[in-house]
Visitor: 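Take a look at this one; I'll ask things after.
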Amino acid sequence: MTSKPFEFNASSLEAWQKAAVKSAPGGDVNALNWKTPDGIVVKPLYTAADTANLPYTNTLPGFEPFLRGPQATMYAVRPWTIRQYAGFSTAEESNAFYRKALAAGGQGVSVAFDLATHRGYDSDHPRVTGDVGKAGVAIDSVEDMKILFDQIPLDKVSVSMTMNGAVLPVLAGYVVAAEEQGVSQDQLSGTIQNDILKEFMVRNTYIYPPEPSMKIIGDIIEYTAKNMPKFNSISISGYHMQEAGANQALEMAFTLADGKEYVKTAIAKGMDVDAFAGRLSFFWAVGMNFYLEIAKMRAARLLWCRIMKGFDAQNPKSLMLRTHSQTSGWSLTEQDPYNNVVRTTIEAMAAVFGGTQSLHTNSFDEAIALPTEFSSRIARNTQLIIQEETHITNVIDPWAGSYMMESLTQEMADKAWAIIEEVEALGGMTQAVGSGWAKLKIEAAAAEKQARIDSGKDVIVGVNKYKLAKEDPIETLSIDNVRVRDGQIERLAKIRGSRDSAKVQAALDALSASAESGQGNLLDLSIQAVRLRATVGEISDALEKAFGRHRADTQKVTGVYAAAYDDGDNVGDTMEYWNQLKADIAAFADAQGRRPRVMISKLGQDGHDRGAKVVATAFADLGFDVDMGPLFQTPEECARQAIENDVHAVGVSTLAAGHKTLVPAIIAELKKQGADDIIVFVGGVIPRQDYDMLYEAGVKGIYGPGTPIPVSAKDVLEQIKKALA
């Protein structure tokens with residue numbers, strides 16, 4: 001006896017709806033719909049009708065529009081490259097880590113530089129005392145670069161370098177280190193990030209203003225196309241946009257719009273699009289929004305093919321989007337941190353299902369401190385297990401034909417394309433960035449997301465739900481910043497004492513002249529200067545003479561955070577807490593004759609300002625007067641501004657491990673300038689074992705990742721009251 005095969009038709013869909021109504025909240029099937037942060041409505045059920053009119057459901061991997069992957073066989077023949085993004089204070093320690101990682105299954109090297117290097121300062125510069133060797137490796141010269149890659153064959157191992165501001169001296173140092181290893185430029189493979197537009201939006205490790213920065217990018221694309229055919233001259237990065245708060249559609253749209261701008265820049269230099277476009281690559285963040293991340297990566301390939309056809313690219317390699325991906329750092333939690341292993345695994349699988357070409361998996365302890373060798377090994381093994389044990393790699397684009405995924409891919413593409421058209425109407429991405437419009441869009445999304453977490457609408461396990469009663473300490477990595485800086489200064493002195501100073505100065509003068517006139521290739525001239533042992537800081541200074549150093553305007557969004565509390569859809573007693581806190585702040589203003597005034601500051605060269613901007617927005621929505629200090633302040637500058645603005649409190653946002661040096665310094669400066677009545681509080685990535693030291697230094701409040709902003713705001717208000725009593 002055989003059963004009658006199921007036939008999908010209008011009556012069967014009606015039958016499903018009747019069945020669903022019985023269990024749907026309030027008997028409303030539409031209540032099961034999920035509205036994503038991008039504004040896309042995801043239904044609980046998809047059918048063939050949802051894909052009937054989609055144009056790209058029957059495409060193949062390796063062929064236009066590359067929706068199903070840039071290579072025909074994808075992981076069935078060659079799995080993605082496993083990378084471990086890392087930099088450990090000194091070139092010697094980083095080199096040892098890279099060699100161990102390669103021996104343990106890593107397949108490429110990804111270099112994280114310290115913030116002093118990113119911002120074009122040598123380690124002996126007075127503005128970087130708290131930054132050297134923190135959150136990455138300190139590189140001052142080609143001698144450091146040679147140690148970094150010692151016994152790593154650069155003709156065989158691809159190297160990815162996250163560098164944008166000081167991209168010229170760093171890339172030049174890599175080229176010269178390879179030459180002195182016996183490896184010619186045409187043998188080098190890997191990627192330099194070189195994506196400066198996103199720095200002006202989110203990460204802020206820029207040096208020069210947008211226009212000359214675009215000139216640098218054009219010169220690098222030109223030079224590498226001629227001399228380094230295996231090397232990717234730019235990695236157009238959405239990663240830092242999502243980490244700063246962008247939703248998936250914003251990340252994709254702004255990243256592709258950046259890429260479009262870079263192509264225009266290269267073409268304006270007289271280059272044929274097919275001479276360089278095949279070496280452009282991308283870099284995505286992959287967060288916990290599982291379905292959207294997969295759809296984003298599929299949609300991005302579709303749109304990039306469309307964009308490149310608009311430039312009349314003919315070579316298929318010019319049309320295909322190739323990408324590196326990294327699991328989210330922002331999604332990692334300080335609370336119950338072993339949950340982060342699960343989060344990273346889920347995000348890694350989304351990247352793989354989306355078709356990434358290489359992947360870095362974050363370590364579970366990165367919301368607390370710099371990763372240890374132990375946590376890095378777990379992160380790397382996460383990828384090895386997916387590659388070697390799951391058989392996921394045996395199927396090319398396993399989501400192909402899924403009613404839901406194909407529909408979601410098209411919706412993501414349509415959503416992002418509308419944003420790209422909006423950017424074009426503003427005059428392109430350079431104009432959108434220069435006006436501050438793009439940055440504010442991301443900051444508004446960040447504030448909205450944080451408010452959803454703080455109000456309980458979005459669940460973070462171990463943070464706002466299923467919280468541990470007691471957190472056990474975990475081992476963390478600590479960097480002796482003073483020791484690292486002293487060692488770098490000693491090596492710099494030796495280099496400067498042994499080189500031909502006259503030749504170095506002539507090479508630096510040639511760089512300044514080229515930057516001033518626009519003639520010549522700046523990467524070519526930087527390589528010549530590095531061969532003579534010019535340093536990162538000296539090359540950066542030579543360019544700064546012509547270009548100047550960029551100073552960003554400080555803006556903040558308003559009303560976005562409060563809107564998440566005021567929409568009447570809050571969890572538990574969060575609305576009552578919010579309203580009571582607003583009343584307390586209003587009462588303070590009545591009693592004191594002015595509102596509580598705080599200054600939110602970033603000290604040192606840490607430009608990651610998502611936390612600072614969200615806190616500033618939320619505090620302002622609560623009723624505080626809020627000043628934003630400019631990026632890259634010294635403790636002396638911060639103290640002076642706080643006194644001039646007559647603030648009650650200074651809030652220091654820290655992400656890059658400089659808190660042990662810089663926070664005690666701001667407290668000492670306030671005291672030195674006669675303003676020790678101004679309280680100091682700190683938020684960000686701070687290991688628990690550093691809390692006592694900071695409290696002893698005079699900090700009044702420490703708010704780690706996952707602290708609801710209203711909770712920290714209430715505590716700051718109480719601390720201000722105590723200081724005034």
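Reckoned from all heavy atoms, side chains included, excluding hydrogens, waters and symmetry mates.
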Visitor: Find out whether Trp437 and Val423 are in side-chain contact, i.e. whether some heavy atom of one side chain is under 4.5 Å from a heavy atom of the other.
Guide: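 Side chain of Trp437 against side chain of Val423, heavy atoms only: contact under 4.5 Å found.
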
Visitor: Answer yes or no for Arg306 and Trp417: cation-pi contact, defined as NZ/CZ to six-membered ring centre under 6.0 Å and angle to ring axis within 45°.
Guide: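 Yes, a cation-pi geometry.
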
Visitor: Hey, do the aromatic rings of Phe282 and Trp304 have their centres closer than 6.0 Å?
Guide: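 Yes, close enough.
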
Visitor: State, with a plain yes or no, whether a side-chain heavy atom of Thr634 is found less than 4.5 Å away from one of Glu637.
Guide: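 Yes, their side chains come closer than 4.5 Å.
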
Visitor: Test side-chain contact (heavy atoms from CB on, under 4.5 Å) on Leu359 and Gln326; report intermediate values, then the result.
Guide: CA-CA 6 Å; Leu359 178 62; Gln326 180 175 337; 5.7 Å; no

Visitor: Indicate the atoms forming the closest heavy-atom contact of Tyr223 with Gln185, along with that distance.
Guide: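 The pair with the smallest heavy-atom distance is OH-OE1, 2.8 Å.
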
Visitor: Sort and list the pairs that fulfil side-chain hydrogen bond (donor to acceptor under 3.5 Å, both in side chains) and have at least one residue in residues 265-274, not counting sequence neighbours.
Guide: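 Matches after skipping sequence neighbours: Asp219-Lys269, Asp274-Ser318.
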
Visitor: At what distance, to the nearest 0.5 angstrom, does CD of Glu644 lie from CG of Asp627?
Guide: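 Rounded to the nearest 0.5 Å, the CD-CG separation comes to 11.0 Å.
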
Visitor: Is the Tyr206-His550 ring centre distance short of 6.0 angstrom?
Guide: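 So the answer is yes for these two rings.
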
Visitor: Give the C-alpha distance, both sets of side-chain angles, the deciding distance and a yes or no for salt bridge (charged side-chain N to carboxylate O under 4.0 Å, His left out) between Arg491 and Asp140.
Guide: CA-CA 9 Å; Arg491 188 176 291 153; Asp140 292 318; over 6 Å; no

Visitor: Does some side-chain heavy atom of Thr162 sit less than 4.5 Å from a side-chain heavy atom of Ile192?
Guide: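 Result no, sub-4.5 Å side-chain heavy-atom pair not found.
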
Visitor: Give me the ring orientation class for Phe149 and Tyr174: parallel if the planes are under 30° apart, tilted from 30 to 60°, perpendicular past 60°.
Guide: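 If you compare the ring of Phe149 with that of Tyr174, the planes turn out perpendicular.
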
Visitor: Test side-chain contact (heavy atoms from CB on, under 4.5 Å) on Ser189 and Met228; report intermediate values, then the result.
Guide: CA-CA 8 Å; Ser189 64; Met228 302 165 67; over 6 Å; no

Visitor: Begin with the C-alpha distance, continue with both residues' side-chain angles, and end with the deciding distance and a verdict on side-chain contact (heavy atoms from CB on, under 4.5 Å) for Ser158 and Val109.
Guide: CA-CA 6 Å; Ser158 69; Val109 170; over 6 Å; no

Visitor: Do you know the tightest heavy-atom contact between Met201 and Ala438?
Guide: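 Scanning both residues, the minimum pair turns out to be SD-CB, 3.5 Å.
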
Visitor: Can Glu424 and Lys264 be said to form a salt bridge (charged side-chain N to carboxylate O under 4.0 Å, His left out), step by step?
Guide: CA-CA 13 Å; Glu424 286 299 302; Lys264 289 179 187 175; 3.6 Å; yes

Visitor: Any idea which heavy atoms bring Glu261 and Gly428 closest together, and the distance?
Guide: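 It is OE1-CA, 3.9 Å.
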
Visitor: Taking the six-membered ring for Trp and the single ring otherwise, decide whether the centroids of His324 and Tyr239 are under 6.0 Å apart.
Guide: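 That pair fails the under 6.0 Å test.
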
Visitor: Starting at CD of Glu179, measure out to CG of Leu154 and round the result to the nearest 0.5 Å.
Guide: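 Rounded to the nearest 0.5 Å, the CD-CG separation comes to 11.5 Å.
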
Visitor: Where do Ile152 and Tyr98 come nearest, in terms of heavy atoms and distance?
Guide: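 So the two residues come closest at CD1-CB, 3.8 Å.
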
Visitor: Anything under 30° is parallel, anything over 60° is perpendicular, the rest tilted; go ahead and classify Tyr121 against His125.
Guide: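 Because their plane-to-plane angle lies in the 30° to 60° range, the rings of Tyr121 and His125 count as tilted.
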
Visitor: If you define the side chain from C-beta out and look only at heavy atoms, does anything of Leu543 sit under 4.5 Å from Glu516?
Guide: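 No, every pair of side-chain atoms sits at 4.5 Å or beyond.
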
Visitor: Once you round to the nearest 0.5 Å, how far does CG of Leu603 lie from OG1 of Thr654?
Guide: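 Between Leu603 CG and Thr654 OG1, I get 8.0 Å after rounding to 0.5 Å.
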
Visitor: Heavy atoms, side chains only, cut-off 4.5 Å: are Val137 and Ser89 in contact?
Guide: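 Not in contact.
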
Visitor: Does the side chain of Met161 come within less than 4.5 Å of Leu171's, by heavy atoms?
Guide: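 When only atoms from C-beta onward are counted, Met161 and Leu171 do touch, with a gap below 4.5 Å.
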
Visitor: Check the pair Gln605, Arg119 against side-chain hydrogen bond (donor to acceptor under 3.5 Å, both in side chains), reporting the backbone distance first and the verdict last.
Guide: CA-CA 7 Å; Gln605 301 305 307; Arg119 295 268 296 145; 2.7 Å; yes

Visitor: When rounded to the nearest 0.5 angstrom, what is the spacing between CD1 in Ile217 and CG in Asp195?
Guide: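 That separation rounds to 6.5 Å.
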
Visitor: Using the rule given for side-chain contact (heavy atoms from CB on, under 4.5 Å), can you reason through Leu321 versus Cys305, listing the C-alpha separation, both sets of side-chain angles and the distance that settles it, and then say yes or no?
Guide: CA-CA 7 Å; Leu321 183 153; Cys305 182; over 6 Å; no

Visitor: Give a yes/no verdict on a cation-pi contact between Arg127 and Phe632, requiring under 6.0 Å between NZ or CZ and the six-membered ring centre and an angle within 45° of the axis.
Guide: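 No.
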
Visitor: Using every non-hydrogen atom in the two residues, find where Ser233 and Ile220 come nearest and quote the distance to one decimal.
Guide: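 Result for this residue pair: O-CG2, 3.8 Å.
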
Visitor: Has Lys226 got more than 12 heavy atoms of other residues, nucleotides or ligands less than 6.0 Å from its NZ?
Guide: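 12 or below, so no.
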
Visitor: Is there a salt bridge (charged side-chain N to carboxylate O under 4.0 Å, His left out) between Arg279 and Glu222? Walk through the geometry before answering.
Guide: CA-CA 11 Å; Arg279 302 312 305 171; Glu222 179 183 54; over 6 Å; no

Visitor: Any chance you could lay out the side-chain hydrogen bond (donor to acceptor under 3.5 Å, both in side chains) test for Glu199 and Thr205, step after step, and finish with the verdict?
Guide: CA-CA 6 Å; Glu199 296 295 328; Thr205 58; 2.6 Å; yes

Visitor: With rounding to the nearest 0.5 angstrom, report the OG1 to NZ distance, Thr255 to Lys198.
Guide: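 Output value for this atom pair is 9.5 Å.
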
Visitor: Let me see the working for Asp114 and Arg485 under salt bridge (charged side-chain N to carboxylate O under 4.0 Å, His left out), right down to the final yes or no.
Guide: CA-CA 11 Å; Asp114 73 354; Arg485 188 167 184 263; over 6 Å; no

Visitor: Could you measure the distance from the CZ atom of Arg203 to the CD atom of Gln193? Nearest 0.5 Å is fine.
Guide: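 Answer rounded to 0.5 Å: 6.0 Å.
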
Visitor: Can you check side-chain hydrogen bond (donor to acceptor under 3.5 Å, both in side chains) on Asp144 and Gln488, steps first, answer last?
Guide: CA-CA 9 Å; Asp144 292 328; Gln488 290 299 119; 3.1 Å; yes

Visitor: Evaluate Gln314 against Asp312 for side-chain hydrogen bond (donor to acceptor under 3.5 Å, both in side chains), listing each step before the verdict.
Guide: CA-CA 6 Å; Gln314 301 298 315; Asp312 198 29; 2.8 Å; yes

Visitor: Given side chains that start at C-beta, do those of Ser601 and Met628 come closer than 4.5 Å, heavy atoms only?
Guide: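 They are not in contact (no side-chain heavy atoms under 4.5 Å apart), so the answer is no.
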
Visitor: I want to check something: taking the side chain as every heavy atom from C-beta on, are Thr430 and Met214 in contact at a cut-off of under 4.5 Å?
Guide: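 They are in contact (side-chain heavy atoms under 4.5 Å apart), so the answer is yes.
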
